[in-house]
Amino acid sequence: MSSSADRHWDSETDLLVIGAGAAGMTAALVGTLEGLRVVLCEKSEMVGGTTATSAGSVWIPGSRQSETAGVSDSIAAAKTYLAGMLGDDAFDERLSAYLASGPAVLDYLERRTSVVFAPPPVHPDYRNLPGAAIGGRTLGAVPFDGRKLGADFARVRPPRREFMVLGGMMIGKNDIPALLQPFGSWGNFKHAIGLLARQARDRLGFKRGTRLIMGNGLVGRLLYDLRRLAVEIRYRTALKDLVKVDDEIVGAVLTTPTGEHALRARKGVILATGGIGWSHELRERLLPENARLHSLAPDSNTGDGILAGERVFGEIDRKLKSPALWMPSSVMKQPDGHLSVFPHIMLDRAKPGLLAVDRGGERFVNEADSYHDFVEGMLRSNRLPSSVPSYLVCDRGFISDYGIGLIHPGTRDLRRFIEAGYLFEGGTVGDLAAKIGTDGEALTRTIERYNQYAESGVDEEFGRGTSELNRFNGDPANKPNPCLRKIGPGPYYAVAVWPSDLASSAGLLDSRGRVLRSDGGAFKGLYAAGTDAASVFRGTYPGPGTMIGPAIVFAWRAAMDAAGVLDNYPIPTD
Ligand SMILES: Cc1cc2nc3c(=O)[nH]c(=O)nc-3n(C[C@H](O)[C@H](O)[C@H](O)COP(=O)(O)OP(=O)(O)OC[C@H]3O[C@@H](n4cnc5c(N)ncnc54)[C@H](O)[C@@H]3O)c2cc1C
């Protein structure tokens, strides 16, 4: 922390935004639109952070966009749902501000920028509770044509390598049927040919495909608008420390390729560096011991915003249900040395014919529930025998039909994955159990019970296939239950999965987007947004988009507050 009132400044601006993910880019855009001079600093050479590698969904109840698309939702229904999930006392000032501002932020962005979202007809909430939405509450980022960015396309962080095919082509859930069965229908054929032709053209002029979807589409759009408004983006420029004078943050010291740079920020500093990420110190302090190994954050997210906030006595909120949100991930070292960490989001876990077991060969969770709930099952306190790692178990037919993790559906030769220690194979259940170090008799009993449930269509232990979410990610062609089918005969297969954090929920406390001090007062001039701010949902995961939704909404609120216009959007007091 630096605190001299009469220090030398290398440059000045109105608003300094640290970190160029969804939160930082939105804050920089909105601050500029509201007439502030803004500098956006990004530690790496690319914008996008975790956001660029995400699905790019936002959970914003009661939007006009959903109403127009015919899948309307209401804030009242969302409140019922959240009360069931968080309890009535969850409705603090921040959550109320979030719910009230969300639709206004979507409208603001749609009116004044190219950042637009659209609701898919079905995208269910993650829990089966009163007020849960099946569609209309989660909106997806609209795809973007990366060619519009010209040379700056190279500045958009690519998606995770594991999620691209054919040398950098992005594929979404809706592309998969066409690519797997191009001759299944005329529609499939046209779609597949369109994708492949575009990719072939793209590869002549670009390092990867320019059809940007999901989080990459969102980041592409944000960068397009930042360029259009000539916002100053400083790459390879990292926050080192905040400068505090009395109770006000007046600027920051930045590390740049040419040395340290002191930047004065007349209207404030917004921290948006992507949360805990790979910070060894914060992982040790805040995450459970058996969940510290793998993060889905980019390397450049190292907890800098939270740590700098703490150094000026900002308070970290720890009274949360979970300090992070999780995905179960399998891990494989590739021949070129790259460590593939593959998050099992929705392609395999809910499909019929897969189960998950712990070291004792027992199931411990509804495998088709949300990725966060799956890992919460793994981490349930003091589980013995341990379920870190746990194993996804299936047969050969399952891999052919649906794939598992890094192994695409229809893959004929599995040797590469077996030899790399990623896939375990056993001719019998006992053989497989020996390979993964579980109790063979227990695993045999577990599979027998699962197969009985497949026959009756009722999972008597965990209710697989009973929720909208389960069925959405299952296989509708599989009857009677889209998530259950018999496993066997052999050979049998297993893949190990580990907890990996997709976002942190422990972060700095804030109200108008401002960081609160440990004595409860708010700092003047310091804001936190995105995963640098504490989870507005108290460390729970209500549905798809509950990280980027708040990232964008609180970034907007922070920038509007810094520009002095937030009070033009009062929050109803009901
Ligand atoms: C596979 C996957 C899918 C996901 N899908 C969704 C989804 O659909 N919806 C959803 O709501 N959430 C999703 N998430 C979570 C979501 O992506 C993140 O919570 C969100 O993108 C975080 O945004 P952010 O702006 O806070 O941080 P980031 O997007 O991570 O951006 C932080 C930026 O700050 C930069 N930075 C770090 N330190 C410094 C420093 N000292 N100085 C300057 N810059 C710095 C980083 O380089 C980075 O560019 C997903 C996550 C994963 C891994």
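All heavy atoms count here, side chains included; hydrogens, waters and symmetry mates do not. Both ligands and their constituent atoms are indexed starting at 1 by order of listing.
- Distance CH2/Trp326 to NE2/His294: 12.0 Å, rounded to 0.5 Å.
- In this view, Glu468 satisfies the side chain to side chain donor-acceptor pair (under 3.5 Å) rule with no residue, not counting sequence neighbours.
- When Val17, Thr50, Ile306 are checked for heavy-atom proximity to atom 28 (P) of ligand 1, Thr50 turns out nearest.
- Ligand 1 places these atoms under 4.0 Å from at least one heavy atom of Gly530: 26 (O).
- Comment: Arg228 engages Asp225 in a salt bridge, judged by a side-chain N to carboxylate O separation of less than 4.0 angstrom.
- Proximity to Ala503 (heavy-atom distance under 4.0 Å) selects the following atoms of ligand 1: 19 (O).
- Nearest to atom 53 (C) of ligand 1 by heavy-atom distance, out of Thr255, Leu254, Leu296, is Leu296.
- Summarising the contacts of atom 42 (N) of ligand 1 with Leu307, Leu239, Thr302, Asp532, the nearest heavy atom is found in Leu239.
- Note: no N/O pair closer than 3.5 Å links Pro298 and ligand 1 by distance alone.
- Counting only heavy atoms of the protein, atom 23 (O) of ligand 1 lies nearest to Thr51 OG1, 3.3 Å.
- Proximity of Gly545 to ligand 1 is established by a heavy-atom distance of less than 4.0 Å.
- In this structure, Val58 has no heavy atom closer than 4.0 Å to ligand 1.
- Sorted by first then second residue, the side-chain hydrogen bond (donor to acceptor under 3.5 Å, both in side chains) pairs that include residues 265-274, not counting sequence neighbours, are Glu12-Arg266, Asp14-Arg266, Thr273-Asp532.
- By the criterion of a heavy-atom distance under 4.0 Å, neither the backbone nor the side chain of Pro544 is placed next to ligand 1.
- Nearest protein neighbour of atom 34 (O) of ligand 1, counting heavy atoms only, is Gly19 CA, 3.3 Å.
- In this structure, Glu110 pairs ionically with Arg64, as a charged nitrogen and a carboxylate oxygen lie closer than 4.0 Å.
- Close contacts between ligand 1 and Asp304 involve ligand atoms 38 (N), 39 (C), 40 (C), 41 (N) [criterion: under 4.0 Å to a heavy atom].
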Q | Steps toward side-chain hydrogen bond (donor to acceptor under 3.5 Å, both in side chains) verdict (Ser101, Arg557) | A | CA-CA 8 Å; Ser101 304; Arg557 287 182 62 80; 3.0 Å; yes
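- If you take CZ on Arg311 and CG on Asp241, they are separated by 4.5 Å, rounding to the nearest 0.5 Å.
- Between Ala23 and ligand 1, an N or O atom pair is found at a separation short of 3.5 Å.
- Listed by number with element, the atoms of ligand 1 under 4.0 angstrom from any heavy atom of Ile18 are 42 (N), 43 (C).
- A tilted orientation is assigned to the rings of His123 and Phe472, their planes being inclined by 30° to 60°.
- Protein heavy atom closest to atom 27 (O) of ligand 1, with residue, atom name and distance, is Gly274 CA, 3.3 Å.
- Of all heavy-atom pairs between Ile60 and Gly102, the closest is CG2-C, 3.4 Å.
- Remark: Lys240 NZ is loosely packed, at most 12 non-hydrogen atoms of other residues, nucleotides or ligands lying under 6.0 Å away.
- Of the residues Leu223, Asp145, Thr210, the one that meets the side-chain contact (heavy atoms from CB on, under 4.5 Å) test with Phe153 is Thr210.
- Atom 31 (O) of ligand 1 has as its closest protein heavy atom Gly21 CA, 3.3 Å.
- Arg236 places a side-chain heavy atom less than 4.5 Å from the side chain of Glu45.
- Checked against the 6.0 Å centroid criterion, the rings of Phe537 and Trp59 qualify as a close aromatic pair.
- What sits closest to atom 4 (C) of ligand 1 on the protein, heavy atoms only, is Ser54 CB, 3.3 Å.
- The side-chain contact (heavy atoms from CB on, under 4.5 Å) with Ser66 is formed by just one residue from the set Pro119, Pro103, Pro61; it is Pro119.
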Q: Report the C-alpha separation of Glu162 and His338 in whole Å, then their side-chain angles, then the decisive distance to 0.1 Å, and conclude whether the side-chain hydrogen bond (donor to acceptor under 3.5 Å, both in side chains) test is met.
A: CA-CA 11 Å; Glu162 299 77 34; His338 172 76; 3.0 Å; yes
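- What sits closest to atom 5 (N) of ligand 1 on the protein, heavy atoms only, is Ala55 N, 3.1 Å.
- A salt bridge is defined here as a Lys NZ or Arg NE, NH1 or NH2 lying under 4.0 Å from an Asp or Glu carboxylate O, and Asp317 with Arg94 fails to meet this definition.
- Heavy-atom separations between Gly56 and ligand 1 include at least one value shorter than 4.0 Å.
- In the candidate list Lys43, Met327, Met547, Lys43 is nearest to atom 39 (C) of ligand 1, counting heavy atoms.
- From the protein, the heavy atom lying nearest to atom 1 (C) of ligand 1 is Thr53 O, 3.7 Å.
- Of the options Leu218, Asn301, Thr531, the smallest heavy-atom separation from atom 26 (O) of ligand 1 is shown by Thr531.
- For ligand 1, the atoms closer than 4.0 angstrom to any heavy atom of Ser300 are 37 (C), 38 (N), 46 (C), 47 (O).
- The proximity of Ser57 to ligand 1, defined as any non-hydrogen pair under 4.0 Å, involves the side chain as well as the backbone.
- The closest protein non-hydrogen atom to atom 35 (C) of ligand 1 is Glu42 OE1, 3.2 Å.
- Close contacts of ligand 1 with Gly49, meaning ligand atoms under 4.0 Å from a residue heavy atom, involve 28 (P), 29 (O), 30 (O), 31 (O), 48 (C), 49 (O).
- Ligand-side atoms of ligand 1 in range of Cys41: 43 (C), 44 (N), range being under 4.0 angstrom from any heavy atom.
- Distance check, rounded to the nearest 0.5 Å: CD1 of Ile18 to CZ of Arg234 gives 10.0 Å.
- For atom 15 (C) of ligand 1, the candidate residues are Leu502, Ile548, Thr546; the nearest heavy-atom contact is made by Leu502.
- Near Gly48, meaning under 4.0 Å from one of its heavy atoms, ligand 1 places the atoms 29 (O).
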